[in-house]
Structure formats: structure tokens, C-alpha cells
Amino acid sequence: MRLIADTSRCVGAGQCVLTDPDLFDQDEEDGTVLVLDGEPAGERLEHAHEAVRLCPGQALSLAE
């Protein structure tokens, strides 16, 4: 499963980073999401699903 971030939709709320700081970070200049692991597995995949659900800008998605 591939984790995709659309930074043009990101509002920089940081909900993804709060969900899993090993999976997400924020750009230091504009605060948009940075994906640290584009193919999460196991517990990280569960966290990715949670981050997709919580993202206020709907900037995150998962694809096969």
C-alpha cells in the first residue's frame, strides 16, 4: 500500500505528525506534510489509515 500526500491540499494542521511522528513530518518553511515512509506496513499502516481519516485538508490518501 502506497501513502500519497497532496501538499497543495495540506493546511499544515499537523494531525498526521501527531498520529505517527516516525511516518510524517512537516516542512520547516511552509508546514506542509512530508511522508517519511511511502510504503508503510504493520502498525505504521494502521497509523497511516488513521492519519488519512483525520487529515482536515484531505491531503493524504492510500493506494494499492
Side-chain angles (χ1 to χ4, degrees):
M1 182 111 359
R2 192 165 44 103
L3 179 58
I4 301 164
D6 180 351
T7 55
S8 69
R9 298 185 68 140
C10 180
V11 297
Q15 292 298 311
C16 53
V17 178
L18 293 173
T19 302
D20 189 335
D22 292 328
L23 185 56
F24 300 99
D25 199 355
Q26 289 179 278
D27 184 275
E28 290 186 22
E29 291 187 23
D30 63 8
T32 57
V33 62
L34 298 173
V35 175
L36 303 177
D37 180 359
E39 296 184 10
E43 187 174 307
R44 276 201 182 148
L45 181 56
E46 293 176 30
H47 293 168
H49 278 287
E50 182 72 8
V52 168
R53 188 181 69 76
L54 293 173
C55 181
Q58 299 179 340
L60 299 172
S61 60
L62 287 162
E64 294 287 330

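What's counted below: heavy atoms across the whole structure, side chains too, no hydrogens, waters or symmetry copies. One-based numbering along the sequence shown. Keep in mind that this is a model prediction, so the values were computed, not measured.
- Taking the salt bridge (charged side-chain N to carboxylate O under 4.0 Å, His left out) definition, one finds that Glu50 meets it with Arg53, sequence neighbours left out.
- When hydrophobic side chains of Ile, Leu, Val, Met, Phe, Trp and Tyr are connected at separations under 4.5 Å, Leu3 ends up clustered with Met1, Val17, Leu23, Phe24, Val33, Val35, Leu45, Val52, Leu60, Leu62.
- Take Pro56 and apply the side-chain contact (heavy atoms from CB on, under 4.5 Å) test, not counting sequence neighbours, and it matches Val11, Ala13, Gln15.
- Residue pairs meeting the salt bridge (Lys or Arg N to Asp or Glu O under 4.0 Å) criterion with at least one member in residues 10-27, sequence neighbours excluded, do not occur.
- For residues 4-16, the set of pairs meeting the salt bridge (Lys or Arg N to Asp or Glu O under 4.0 Å) definition, not counting sequence neighbours, is empty.
- Under the salt bridge (charged side-chain N to carboxylate O under 4.0 Å, His left out) criterion, Asp37 pairs with Arg44, sequence neighbours left out.
- With rounding to the nearest 0.5 angstrom, the CG atom of Leu54 is 11.5 Å from the NE2 atom of His47.
- Here the closest heavy-atom approach between residue Cys10 and residue Ala59 is recorded as N-CB, 3.6 Å.
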